[in-house]
Amino acid sequence: MTWDELLASCESCEKCELCKTRTNCVFGVGNKNADILFVGEAPGQQEDLSGTPFVGRAGQLLDKFLYAIDIKREDVYIANILKCRPPQNRDPRPDEEEACIDYLREQVRLINPKVIVCLGRISAMKLIKPDFKITQEHGMWFKKGNYLMTAVYHPAALLRDPRKKEDMLRDMQKIKEKIQEI
Ligand code: URA
C-alpha cells in the first residue's frame, strides 16, 4: 500500500464507532524516512480539531524535549495508536485498538524507522508487551521482530507530575545516542 492509499483508507475508515464522533482523522505527521517514530495513545480535542497529532499542551511539551536533544519535530514521525479521538479522552478500548492497529502497522512498514518510541503506558502496552510497567520500564530497550522499541512517559503525565521530567530528559538523550550509534 502507498502513503496516499493508506491515508485515504484511514480518512474514510468506519471500522469502529469513533468515526461517528470524529472531526478529523488524525493520521500522523512528519518525516516519512524518519529514524524515530513516536507513537502516542489517541488524539485529544486539539488534535481532533486540527487533524494533527500532539498539537495541544502535551504536544508542546513533547516539542520542548525534542528541542532539548536537538532533534526537529519535522525530522521525526509522530502518530498514535488510535487515529480518532475517544469521547471525553477516555482510554482506548481494546476493540478500537484492534480496529485501528493495521494503519499503524502499515505506517511502521513504510517508514521503517531505526527506533519506535512509545509515548506512555497505553502505547507501550499495545506495542511492546501487555504488562508493560511505565514507571519501571521507561527508557529500556526491547527488540520486537525487526524493530528496536522503547517507551517514555507520556507528556501529559509530565504535565501532571513535573518530577518525571528528569527521567524523560534522560530517556530522550538515550534515544538520541541510540540512533547515532545504529
Ligand atoms: N495525546 C496523545 O496520546 N496523542 C495526541 O496526539 C495528543 C495527545
Side-chain angles (χ1 to χ4, degrees), residues 1-34 36-63 65-66 73-74 76-113 116-134 138 144-145 147 149-161:
M1 206 185 266
T2 66
W3 277 105
D4 285 348
E5 287 164 349
L6 186 62
L7 176 62
S9 71
C10 196
E11 283 181 336
S12 60
C13 183
E14 295 183 351
K15 287 200 247 173
C16 83
E17 295 277 292
L18 298 181
C19 67
K20 296 184 183 154
T21 46
R22 73 172 171 234
T23 313
N24 284 294
C25 152
V26 181
F27 178 70
V29 70
N31 182 344
K32 291 170 181 157
N33 297 308
I36 312 177
L37 166 62
F38 286 95
V39 182
E41 180 180 324
Q45 186 180 34
Q46 296 306 313
E47 291 76 22
D48 173 68
L49 293 174
S50 67
T52 305
F54 283 97
V55 290
R57 279 185 73 216
Q60 287 160 23
L61 187 53
L62 175 63
D63 290 348
F65 280 96
L66 287 171
R73 187 178 161 110
E74 310 85 81
V76 301
Y77 198 91
I78 306 176
N80 283 305
I81 300 282
L82 293 191
K83 309 307 194 214
C84 296
R85 182 190 182 205
Q88 279 83 50
N89 301 341
R90 63 159 169 74
D91 284 354
R93 293 199 321 234
D95 58 313
E96 294 160 353
E97 291 183 345
E98 271 317 295
C100 210
I101 198 73
D102 281 345
Y103 296 117
L104 181 66
R105 280 206 187 99
E106 201 60 19
Q107 288 173 309
V108 170
R109 191 184 66 78
L110 287 164
I111 298 167
N112 193 25
I116 299 175
V117 181
C118 300
L119 292 167
R121 180 182 64 93
I122 301 265
S123 171
M125 287 169 67
K126 186 68 191 168
L127 300 185
I128 300 178
K129 52 178 182 165
D131 61 347
F132 194 91
K133 298 275 178 298
I134 192 80
H138 67 85
K144 274 198 82 183
Y147 292 102
M149 311 189 60
T150 189
V152 298
Y153 283 117
H154 193 291
L158 306 176
L159 290 171
R160 287 192 297 270
D161 181 4

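Below, each value reflects all heavy atoms present in this structure, side chains not excepted, and no hydrogens, waters or symmetry copies.
- Residues Arg22 and Asp48 form a side-chain contact, since some pair of their non-hydrogen atoms from C-beta on lies under 4.5 Å apart.
- Here the side chain of Asn89 pairs no donor or acceptor atom with the backbone of Gly44 at under 3.5 angstrom.
- Here the rule is side chain to side chain contact (heavy atoms under 4.5 Å, CB included) with Ile81, and of Ser123, Cys118, Pro92 only Ser123 fits it.
- The NZ atom of Lys129 sits 7.0 Å away from the CZ atom of Phe132 when rounded to the nearest 0.5 Å.
- Here Ser50 contributes atom OG and Gln45 contributes atom CD; the two are 10.5 Å apart, rounded to the nearest 0.5 Å.
- Of all heavy-atom pairs spanning Val76 and Leu66, the tightest one is CG2-CD1, 4.4 Å.
- Between Tyr147 and Asn112 the shortest side-chain heavy-atom distance falls below 4.5 Å.
- Between the side chain of Lys144 and the backbone N or O of Leu127, at least one donor-acceptor pair lies under 3.5 Å.
- Under a cut-off of 6.0 angstrom, the local environment of CD in Glu5 is crowded, with over 12 non-hydrogen atoms contributed by other residues, nucleotides or ligands.
- Side-chain atoms of Phe65 and Val152, non-hydrogen and from C-beta on, never get closer than 4.5 Å to each other.
- Shown here for Ala99 and Cys16, the closest heavy-atom pair between the two residues is CB-CB, 4.2 Å.
- Here Glu47 pairs with Val26, Pro43, Val55 under the side-chain contact (heavy atoms from CB on, under 4.5 Å) rule; sequence neighbours left out.
- When all heavy atoms of Ile111 and Ala34 are compared, the closest pair comes out as CG2-O, 3.7 Å.
- With Asn24 contributing its side chain and Leu49 its backbone, the two residues share a donor-acceptor pair below 3.5 Å.
- A salt bridge does not link Glu17 with Arg93: every distance from a Lys NZ or Arg NE/NH1/NH2 to an Asp or Glu carboxylate oxygen is 4.0 Å or more.
- Counting heavy atoms from C-beta on, the side chains of Met1 and Leu110 never come closer than 4.5 Å.
- For residues 37-59, the ring-ring contact (aromatic ring centres under 6.0 Å, His included) pairs, not counting sequence neighbours, are Phe54-His154.
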Q: Give the C-alpha distance, both sets of side-chain angles, the deciding distance and a yes or no for side-chain contact (heavy atoms from CB on, under 4.5 Å) between Gln107 and Leu6.
A: CA-CA 8 Å; Gln107 288 173 309; Leu6 186 62; 3.8 Å; yes
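- Taken from OG1 in Thr150 to CD1 in Ile128, the straight-line distance is 6.0 Å, to the nearest 0.5 Å.
- Under the salt bridge (Lys or Arg N to Asp or Glu O under 4.0 Å) criterion, Arg121 pairs with Asp91, not counting sequence neighbours.
- Closest heavy-atom contact between Val29 and Arg73: CG1-NH2, 4.2 Å.
- Looking at Glu98 and Lys126, their side chains come closer than 4.5 Å, going by heavy atoms from C-beta outward.
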Q. After noting the C-alpha distance and the side-chain angles of Arg85 and Thr23, does the key distance pass the side-chain contact (heavy atoms from CB on, under 4.5 Å) rule?
A. CA-CA 9 Å; Arg85 182 190 182 205; Thr23 313; over 6 Å; no
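- Note: Arg90 CZ to Glu96 CD = 4.0 Å, rounded to the nearest 0.5 Å.
- Between Arg57 atom CZ and Leu158 atom CG the span is 11.5 Å, to the nearest 0.5 Å.
- Scanning both residues, Lys83 and Phe27, for their nearest heavy atoms gives CE-O, 3.6 Å.
- Between Pro155 and Leu62, the closest heavy-atom pair is CG-CB, 4.0 Å.
- Within a 6.0 Å radius of CZ in Arg109, more than 12 heavy atoms belonging to other residues, nucleotides or ligands are found.
- Taken to the nearest 0.5 Å, the CG atom of Asp95 stands 11.0 Å off from the SG atom of Cys100.
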